[in-house]
2 protein chains.
Amino acid sequence: MAQSTPEAGSGRVPAEAVQEATVPVPAAAGSGPISHAIFRLARLHRMFAGQLLRRIGLHPGQELVMMHLWELGPQRQTDLVRLLDSDAATMTRTVRRLEQAGFVRRRPSPTDRRASLIEPTAASHALRREVEQVWSRLEDISTAGLSDDERAAALRTLERLEHNLAVAAADSADADPQR
Amino acid sequence: MAQSTPEAGSGRVPAEAVQEATVPVPAAAGSGPISHAIFRLARLHRMFAGQLLRRIGLHPGQELVMMHLWELGPQRQTDLVRLLDSDAATMTRTVRRLEQAGFVRRRPSPTDRRASLIEPTAASHALRREVEQVWSRLEDISTAGLSDDERAAALRTLERLEHNLAVAAADSADADPQR
DNA sequence: GTCGATTGCCTGTCTGAACAAGTAAATCAC
DNA sequence: GTGATTTACTTGTTCAGACAGGCAATCGAC
């Protein structure tokens, strides 16, 4: 988040200052306004989520692993990778850190000696409500001042952009099938 | 991006498969639908930008530094940090890598012996058009099938969400001014 | 059964991003 | 001018994420 607001620290933040901080890339923004907006929104959103998660002892990304484990029960790493559309290498390290933090435990799979089952610990269940509060807080903040209709419209917009990118990714993926 | 589409690789990707890949977090998504949509959109967008940038020899983030240098001319690192709303430490390393890649050069500031001026090299100017093409391509893909009105509406939506988060960030920043 | 391919997982490496801490130069207060 | 503070930058550490490579267990074709 860097220095957030250099001139702040004392009193109220004027609306212009917020507007300023909202548009950190005024110069090169002319090129792709929507792309730039996605980029900036993503930055802020991730930063905010990171702040909230830090207070409960999780790093961004770890909460998603835990949520899946809480909902679905013990999973192999491969399953987690598929659920999160993540990377096996990243999952190896994320699980190890969660294990070191005491939030998950590994148990050898009874049917496949290559795999191990990752399961949430009892200690982790205390986190669950906090994680849900973080998500709910994030949602409230993001959609502050929006009516139900506007939220539905915003969701459709986001999903439409996502769908466009997903289709393009799938197209370019089977355009060069060298993997 | 991981394995994109496990069952693909042969022919066309059915719409359901795209939809599947579009929603990698179906389970825990019920909590904050908009937050989740932002998260997924951001992931895809970043991944796509990364793919395009990789072909021209840049890593995500580096292109923003270069765009500012091309537009504004030589800048101190502090200026770049402020323009990108980034971090001084990150900027130190990013500039070093761009320097090693031959895209920027450092020159000591004539007026401030603490600072150095970062300037784009002649070699870097060949990149400029390619970077602009990447941004334009990304914009086209993201907004495919949207009318001008819909693009404007999407932009307003994104900026509204961004504004909400920016205000909340500013508020929580001057709520605890211990920094 | 045996051999080859696939699957599950790990390590190494490189990148951005964030935080903490430190150094050196410039600026401000007196 | 002297001392305290601020500024510009660097380094160290830790995290996620992506890619390459590698090992061992499993599965499939034969």
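Quick note on labels: first sequence line is chain A, next is B, and so on, each numbered from 1. Worth saying up front: this structure is predicted, and the values here are computed from it rather than measured.
- Residues Ser142(A) and Asn164(B) have side chains not in contact (no heavy-atom distance under 4.5 Å, counting atoms from C-beta outward).
- Across the interface with DNA chain C, nearest-nucleotide mapping of Arg106(A) and Arg114(A) shows Arg114(A) to be the residue nearer the 5′ end.
- The Ala88(B) side chain lies nearest to dT10(D) when the options are dA8(D), dT10(D), dA18(C).
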(request) Could you give me the CA-CA distance, side-chain angles and deciding distance for Leu41(A) and Ile38(B), then say whether side chain to side chain contact (heavy atoms under 4.5 Å, CB included) is met? (result) CA-CA 8 Å; Leu41(A) 172 59; Ile38(B) 293 173; 4.1 Å; yes

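- Residue Gln51(A) places none of its side-chain N or O atoms closer than 4.0 Å to OP1 or OP2 of dA18(C).
- The side chain of Arg97(B) lies closest to dT15(C), out of dC19(D), dT15(C), dC9(D).
- The interatomic distance linking Leu64(B) (CG) with dA17(C) (C1') rounds to 14 Å, in whole Å.
- In this structure, the CG atom of Asp87(A) is 13 Å from the C1' atom of dT13(C), given to the nearest Å.
- One finds the CE atom of Met67(B) at 10.5 Å from the CG atom of Leu84(B) (value rounded to the nearest 0.5 Å).
- A straight line from CZ of Arg43(A) to C1' of dG16(C) spans 10 Å, rounded to a whole angstrom.
- Distances shorter than 4.0 Å separate some side-chain N or O of Gln77(A) from OP1 or OP2 on dC10(C).
- For the pair Glu99(B) CD and dC9(D) P, the computed distance is 13 Å after rounding to whole Å.
- With distances taken from any side-chain atom of Ala115(A) to the nucleotides dA20(D), dT15(C), dG8(C), the minimum falls on dG8(C).
- Between dT15(C) and Gln62(B), no contact under 4.0 Å exists linking OP1 or OP2 to a side-chain N or O.
- At least one side-chain heavy atom of Met66(A) sits under 4.5 Å from a side-chain heavy atom of Ser124(A).
- The 12-atom threshold is not exceeded at CZ of Arg54(B), counting heavy atoms of other residues, nucleotides or ligands nearer than 6.0 Å.
- Phosphate proximity of dC9(C) to Thr92(A): absent, as no side-chain N or O sits under 4.0 Å from OP1 or OP2.
- Between Arg54(B) atom CZ and dG17(D) atom P there is a gap of 17 Å when expressed in whole angstrom units.
- No hydrogens or angles were tested; on distance alone, a donor-acceptor pair under 3.5 Å links the side chain of Arg93(A) to the base of dG12(C).
- Rounded to an integer number of Å, the gap from Arg82(A) CZ to dC9(C) P is 11 Å.
- Of the residues near DNA chain D, Pro60(A) and Asp112(A), the one whose nearest nucleotide (by heavy atom distance) lies more toward the 5' end is Pro60(A).
- Contact between the side-chain N/O atoms of Arg113(B) and the OP1/OP2 oxygens of dA26(C) is found at a separation under 4.0 Å.
- The side chain of Ser116(B) places no N or O atom within less than 4.0 Å of a non-bridging phosphate oxygen (OP1 or OP2) of dA8(D).
- Contact between the side-chain N/O atoms of Thr78(B) and the OP1/OP2 oxygens of dT7(D) is not found at any separation under 4.0 Å.
- Taking atom CZ of residue Arg46(B) and atom C1' of nucleotide dG16(C), one finds them 6 Å apart after rounding to whole Å.
- Take Arg129(A) and apply the side-chain hydrogen bond (donor to acceptor under 3.5 Å, both in side chains) test, not counting sequence neighbours, and it matches no residue.
- Contact check, Arg96(A) against dT11(C): a side-chain N or O comes under 4.0 Å of OP1 or OP2.
- Note on Arg76(B): every side-chain N or O is 4.0 Å or more away from OP1 and OP2 of dA25(C).
- Rounded to an integer number of Å, the gap from NE2 of His59(B) to P of dA17(C) is 12 Å.
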